[in-house]
**Q** 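Quick one: this structure, given as structure tokens, is what I'll be asking you about.
All residue numbers in this chain count up from 1 along the given sequence. First listed ligand is number 1; within each ligand, the first listed atom is number 1.
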Amino acid sequence: MTARKIIMLVLDGISDRPCAILGGRTPLQVAKKPILDKLAEEGICGIMDTIGPGVRPGSDTSHLSLLGYDPQVYYTGRGPLEAEGCGIHMESGMIGFRCNYATLGQNGTIIDRRAGRIHDTQALSMAIEEGVDLSPMNIELKFASGVGHRAALALRGKGLGANVTSNDPKEEGVVPQLVHPLSSKTTDKKTAAACNEFIQQAQHILNDHPVNERRVREGLLPANTVLLRGAGEMGHFESFQERYGLTGGVIAAATLVVGIGKVVGLRHIPVSGATGSVATNLKGKIDAAIHEIERNDFILLNIKGADEASHDGNAVEKKEFIERIDTFLNPLTELEDCLLVLCSDHTTPCSIKDHSADPVPVVIHGPDVRTDFVLKFDENSCASGGLHRIRGSSLMPILLDLINKTHKYGA
Ligand code: ZN
Ligand code: ZN
């Protein structure tokens with residue numbers, strides 16, 4: 001039997017380098033994970049440079065690559081993808097930014113770049129979207145809340161560029177910067193001017209907003225300004241359906257991954273309790289994937305928690321999270337008619353608390369897949385598997401071939 005469907009399970013930042021606290025082994029090598037190991041044993045294994053050898057991937061560029069969209073062609077900055085992930089429909093040519101709500105003190109310096117870790121900012125974001133008026137500059141704007149203190153801004157209008165700075169000084173106790181154009185082009189100057197006008201007007205709206213008045217009464221920091229960064233112009237993405245003939249969905253807590261899925265035409269499948277942390281609703285996400293694959297051809301399922309633990313440098317927490325993921329995976333091993341791909345978007349070594357270019361382990365499991373002699377899902381074991389060392393850009397072609405969706409090259 002040949003599979004017809006694909007679930008791509010991206011265990012974000014799951015792979016690592018040897019960790020001293022784990023006796024020189026990686027969290028994947030130490031963790032007890034019978035289901036992940038069973039999948040490796042029954043499937044074909046390898047290691048993968050998600051973008052290319054020696055290229056240190058962001059989660060955005062690597063996910064684009066895994067989905068078969070060359071980031072060199074398609075990546076125009078994080079802003080447009082975050083905006084899409086926050087629910088703003090980005091059209092080609094719109095300028096997107098990722099934003100933080102932040103707190104300014106009496107003297108105009110930043111007291112907190114995250115506004116006291118505010119969440120539930122929908123009322124503030126709606127007030128900004130409705131109240132800020134850039135029409136004298138012939139610009140329309142969209143503004144939407146993300147997770148926690150995060151949000152996104154999108155600008156639409158003629159003659160806008162994306163080559164502008166951030167107003168975020170990246171430290172507290174200083175005055176936010178003005179947004180500056182990074183070229184002498186009128187398009188970049190116009191965007192920078194629009195951003196500065198936006199920030200001014202947003203601050204007026206936020207200062208008088210009942211949510212902030214209440215926060216001050218309760219001794220909480222008000223969200224009285226917005227920091228913008230990651231400017232980018234939305235490009236044109238051929239949809240998954242056009243490119244591969246596959247319908248699909250994306251399940252992820254991170255707005256960035258949701259945004260990437262949506263720009264390539266994958267439907268966002270929300271799951272309550274999906275937080276992107278080690279406390280996320282794993283059962284809910286896996287149940288949703290199993291439910292949705294019945295009426296879709298492809299599901300991208302991202303589980304973020306291991307990356308968070310790695311950015312904190314916590315190898316023990318990472319190992320424990322891997323063990324927790326494993327306890328929920330069994331239903332995925334029983335799907336008929338479906339390939340399950342286990343992989344990661346990049347390595348996040350706890351020793352450097354950031355992404356590295358080390359290749360990630362990859363397993364393809366399902367009907368009709370040739371197997372190899374690998375018995376465990378970890379960095380070293382998978383390196384001796386039958387897939388050998390591949391690039392992320394090869395993953396979709398290999399999967400499409402396994403579900404019989406490729407065309408013969410030649411006669
Ligand atoms: Zn990632
Ligand atoms: Zn990360």
**Q** Is it true that some N/O/S atom of His311, main chain or side chain, lies under 2.8 Å from the Zn ion (ligand 2)?
**A**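 A backbone or side-chain N, O or S atom of His311 is under 2.8 Å from the Zn ion (ligand 2).
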**Q** Any N/O/S atom from Asp345 (main chain or side chain) under 2.8 Å of the Zn ion (ligand 1)?
**A**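 Here the distance criterion (N, O or S atom, under 2.8 Å) is met by Asp345, so yes.
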**Q** Take the angle between the ring planes of Tyr69 and Phe237 and call it parallel below 30°, perpendicular above 60°, tilted in between.
**A**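 Plane angle between 30° and 60°, so tilted.
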**Q** May I ask you to check if any N/O/S atom from Ser59 comes under 2.8 Å of the Zn ion (ligand 1)?
**A**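 Of the N, O and S atoms in Ser59, at least one lies under 2.8 Å from the Zn ion (ligand 1), which means yes.
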**Q** Would you mind naming the N, O or S atom of Asp307 nearest to the Zn ion (ligand 2)?
**A**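 Per the distance ranking, Asp307 contributes OD2 as its closest N/O/S atom to the Zn ion (ligand 2).
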**Q** Does His204 have its ring centroid less than 6.0 Å away from the ring centroid of His209?
**A**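 No, too far apart.
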**Q** Using the ring of each side chain (for Trp, its six-membered ring), is Phe143 parallel, tilted or perpendicular to Tyr101, with breaks at 30° and 60°?
**A**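 Judged by the thresholds at 30° and 60°, the geometry between Phe143 and Tyr101 is perpendicular.
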**Q** With heavy-atom distances below 4.5 Å as the criterion, would you say the side chains of Arg389 and Pro359 are in contact?
**A**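 Yes; the side chains approach each other to less than 4.5 Å.
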**Q** What angle sits at the Zn ion (ligand 1) between OD1 of Asp12 and NE2 of His346, to 10°?
**A**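 An angle of 110° at the metal.
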**Q** Should the heavy atoms of other residues, nucleotides or ligands under 6.0 Å from CZ of Arg4 be counted, would the total exceed 12?
**A**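 Open: at most 12 neighbouring heavy atoms sit under 6.0 Å from CZ of Arg4.
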